Amino acid sequence: MAEMDYRREINEALLAGREALRYLNEAADCLNSAGNWGIVDLLGGGLLTTFIKRSKMKDADTLVQQARSALKRFQKELMDVENIPEFRIETGDFLTFADYFFDGIVADWLVQSKINDSRRQVENAIIKVNYIMEQLEKM
């Protein structure tokens, strides 16, 4: 592969990686906010708190879906670049039962636990993408 073509492939991978990172970082912000509202909900926040928390979770879910698409593009672009470690990221699903109807300490705790799991998965994805991006930038 010619040097110019190889450089173009690296740049395409970098662009795809930046897009994935943007969505992942926005999802992390939403999950942090949902987690904060979840703590308030655990302490007895009520219906409004539950509504805000669920809204943040929905926003984060949308961003995670966008990040998944961007990560697939990133992975596809990485296939064109040699000497890049294998790249796989698993992103989990959100707890979908309606804690509006089962509002209580157990339901709130389960939702909070799922928010924290999702937050960790997104943070791990950010770390992996950043690592790959650093490798690409060195090339």
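The model shown is predicted, which means the values in this text are computed figures rather than measured ones.
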Using only heavy-atom distances, determine whether the side chains of Asp41 and Thr49 contain a donor-acceptor pair under 3.5 Å.
->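 Note: Asp41 and Thr49 side chains miss the donor-acceptor criterion.
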Hey, quick one: are [X] and [Y] part of the same hydrophobic cluster, counting side-chain heavy atoms closer than 4.5 Å, chains of contacts allowed?
X      : Y      : value
Met139 : Leu78  : yes
Val122 : Ile127 : no
Ile126 : Tyr131 : yes
Leu14  : Tyr23  : no

Taking atom [atom1] of [X] and atom [atom2] of [Y], what is their separation to the nearest 0.5 Å?
X      : Y      : atom1 : atom2 : result
Leu21  : Lys128 : CG    : NZ    : 13.5 Å
Glu12  : Lys76  : CD    : NZ    : 8.5 Å
Glu19  : Leu71  : CD    : CG    : 9.5 Å
Ile10  : Glu77  : CD1   : CD    : 12.0 Å
Asn124 : Leu24  : CG    : CG    : 11.0 Å

I would like to know whether Arg120 and Asp117 meet salt bridge (Lys or Arg N to Asp or Glu O under 4.0 Å); could you show each step before the answer?
-> CA-CA 5 Å; Arg120 276 190 292 278; Asp117 289 345; 2.5 Å; yes
Got Phe74 and Met133 here, is their nearest side-chain heavy-atom distance under 4.5 Å?
->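 Yes, at least one pair of side-chain atoms sits under 4.5 Å.
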Does the side chain of Cys30 come within less than 4.5 Å of Leu63's, by heavy atoms?
->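 SC-SC contact between Leu63 and Cys30 confirmed.
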Asp5 and Arg8 ion-paired at < 4.0 Å |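 Yes, Asp5 and Arg8 are salt-bridged.
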Donor-acceptor contact below 3.5 Å, side chain [X] vs main chain [Y]:
X     : Y     : value
Ser33 : Asp29 : no
Asp61 : Met57 : no
Ser55 : Phe51 : no

Minimum heavy-atom distance [X]-[Y], with the two atoms named:
X      : Y     : value
Val129 : Gly17 : CG1-O, 3.8 Å
Lys53  : Gly38 : CD-CA, 3.5 Å
Ala34  : Lys56 : CB-CB, 3.7 Å

Can you list the steps and then say if Arg68 with Gln65 is a side-chain contact (heavy atoms from CB on, under 4.5 Å)?
-> CA-CA 5 Å; Arg68 281 184 181 146; Gln65 296 304 322; 2.8 Å; yes
Sequence neighbours left out, what passes salt bridge (charged side-chain N to carboxylate O under 4.0 Å, His left out) with Glu26? Give chain and number order.
->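 Testing Glu26 for salt bridge (charged side-chain N to carboxylate O under 4.0 Å, His left out), a comparison that skips the adjacent residues, returns Arg22.
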